[in-house]
Amino acid sequence: MSQAETRAPRTPFSFELFPPRSQAAQDSLPETIQKLAQVGPEFISVTYGAGGSSRESSLEVLRYILEQTSVQPMAHLTCVGSSHHEANRLVREFLDAGITSFLAVRGDPPRGAIEGDQFLGDLRTASELVQLIHRVQTERAQYATVPSRTAAGIGQIRSNRPKVRVAVATFPNGHPRSSRVNQDIDVLLAKQTSGATLAITQLFFHADDYLGFVSAATTAGVVIPIVPGLMPVTSSVRLKRVLELSEEREPAELARRLAAAESAEEQFEIGIEHSIALANELLEGDAPALHLYTHNTHRAALSVLEGVGLVDSSATALTNSKESV
Ligand code: FAD
């Protein structure tokens with residue numbers, strides 16, 4: 001029996017993109033989005049530069065997903081350094097653009113700022129941003145009511161208040177600034193109480209990091225799905241960069257194998273093999289879904305999904321020769 005047959009109904013999956021940073025990246029992104037969209041993800045999320053640096057480019061990518069695919073776009077939003085007024089306006093702008101799915105993150109402080117400094121702005125945590133998104137949607141949706149004809153006559157107003165989905169970030173190995181082991185679980189509980197309905201994890205390299213965290217979070221009262229964030233790391237250079245940014249511990253065996261590889265293609269295969277093995281362990285441990293960090297390319301993400309039997313090989317067959325590793 002194939003893995004695809006053993007995983008019915010299909011485990012959902014989703015992808016993350018970032019707004020393009022060059023003309024060439026902008027030109028190639030629509031094709032990447034179409035390739036990712038055609039395998040039926042739950043949503044495609046688009047990151048947001050803390051401090052608002054990517055407001056327009058993020059919105060442009062989200063609009064493309066909304067208008068040119070049948071996939072739901074999910075907008076990352078950050079609140080670090082912004083006033084209540086600015087955050088309110090930002091949320092309203094994205095809702096007006098038709099976005100109904102968000103990933104509320106606080107955002108990192110600007111380089112050189114000290115945690116606890118004035119950099120935070122009016123909203124000090126992602127939990128407050130979750131509340132704000134729900135509040136803005138509720139205020140805004142008051143205007144989205146329609147008169148309805150009932151048996152009792154005309155005049156009743158049927159509320160037509162679509163809810164928004166708000167996801168949050170969580171850190172199985174602890175946020176780099178967490179002061180104690182259980183702080184990340186307490187923070188996740190606070191986010192859940194604020195109205196988050198989904199959590200997506202920071203990348204990690206060992207299934208036990210995720211499975212242990214989910215078990216402890218569930219015991220503490222977290223009931224929202226915690227979706228593992230998976231990053232296929234397909235080169236030594238990428239691994240080094242990812243470790244710098246995430247402050248995760250180096251996966252020694254993967255690092256050794258990548259360093260010993262003799263070609264870029266061999267490194268790619270090693271990275272994919274590692275991610276497939278990790279994803280299989282997560283699915284066997286009942287992960288509710290998989291979220292793949294794509295680096296704005298489709299080949300690695302689709303290869304991993306194919307490897308675990310969640311998409312069939314036709315999704316990768318035509319594209320393997322076209323995209324560099
Ligand atoms: P918070 O949950 O607000 O946590 C920040 C700090 O405050 C933590 O140390 C936490 O322990 C503490 N804290 C929070 N709530 C409480 C509470 N109620 N009580 C006590 N302490 C609390 N960054 C971007 O700039 N743009 C993106 O698009 C982006 N997307 C991301 C997507 C994912 C899946 C992940 C995992 C991270 C992403 N980030 C992004 C990075 C994120 O902004 C940083 O990691 C940031 O430092 C923390 O964000 P947060 O939402 O977890 O913040």
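Heads up: numbering here begins at 1 and tracks the sequence. Just follow the structure's listing: the first ligand is 1, and inside any ligand the first atom is 1. Treat the numbers as computed from the prediction; the structure is a model and nothing was measured.
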Original post:
Would you say E67 has more than 12 foreign heavy atoms packed within less than 6.0 Å of its CD?
Top reply: yes
Using heavy atoms and a threshold below 4.0 Å, how should the contact between [X] and ligand 1 be classified: side chain, backbone, both, or neither?
{"X": "V105", "value": "both"}
{"X": "T78", "value": "side chain"}
{"X": "D184", "value": "neither"}
{"X": "H291", "value": "neither"}
{"X": "R106", "value": "both"}
{"X": "A50", "value": "both"}

Numbering the atoms of ligand 1 from 1, which are under 4.0 Å from a heavy atom of [X]?
{"X": "Q183", "result": "10 (C), 11 (O), 12 (C), 21 (N)"}
{"X": "A190", "result": "18 (N)"}
{"X": "H175", "result": "9 (O), 45 (O), 46 (C), 47 (O), 48 (C)"}
{"X": "T47", "result": "28 (O)"}
{"X": "L103", "result": "32 (C)"}

Original post:
Got a sec, which hydrophobics cluster with L203, joining ILVMFWY side chains under 4.5 Å apart, including via others?
Top reply: F43, M74, L103, V105, L198, I200, F205, V227, M231, V233, L239, V242, L243, L254, L258, I270, Y293
**OP:** List the steps and the verdict of side-chain hydrogen bond (donor to acceptor under 3.5 Å, both in side chains) for E284 and N280.
**Re:** CA-CA 6 Å; E284 275 150 28; N280 272 324; 5.7 Å; no
Original post:
Does a salt bridge link R89 with E93, judged by any charged N lying under 4.0 Å from a carboxylate O?
Top reply: no
Any nitrogen or oxygen of [X], main chain or side chain, under 3.5 Å from a nitrogen or oxygen of ligand 1?
{"X": "D108", "answer": "yes"}
{"X": "S127", "answer": "no"}
{"X": "G107", "answer": "yes"}

**OP:** Output, in order, the C-alpha distance, side-chain angles, deciding distance and verdict of salt bridge (charged side-chain N to carboxylate O under 4.0 Å, His left out) for E244 and R241.
**Re:** CA-CA 5 Å; E244 275 166 17; R241 180 83 183 121; 3.6 Å; yes
Subject >> Counterpart residues, ring-ring contact (aromatic ring centres under 6.0 Å, His included), relative to F102 (two or more places apart) >> reply: none
**OP:** Quick one: closest heavy-atom pair of S313 and E306, and the distance?
**Re:** CB-OE2, 3.2 Å
Subject >> Minimal non-hydrogen separation, T47 against E16, with atom names >> reply: CG2-OE2, 3.3 Å
Original post:
Roughly how far, to the nearest 0.5 Å, is CZ of R92 from CG of L95?
Top reply: 8.0 Å
Subject >> Selected option - heavy-atom contact closest to atom 25 (O) of ligand 1, from F171, Y48, Y293, F18 >> reply: Y48
**OP:** Closest by any non-hydrogen atom to atom 2 (O) of ligand 1: pick that one out of R124, Q202, K191, H76.
**Re:** K191
Subject >> Side-chain heavy-atom pair L123, H84 within 4.5 angstrom cut-off >> reply: yes
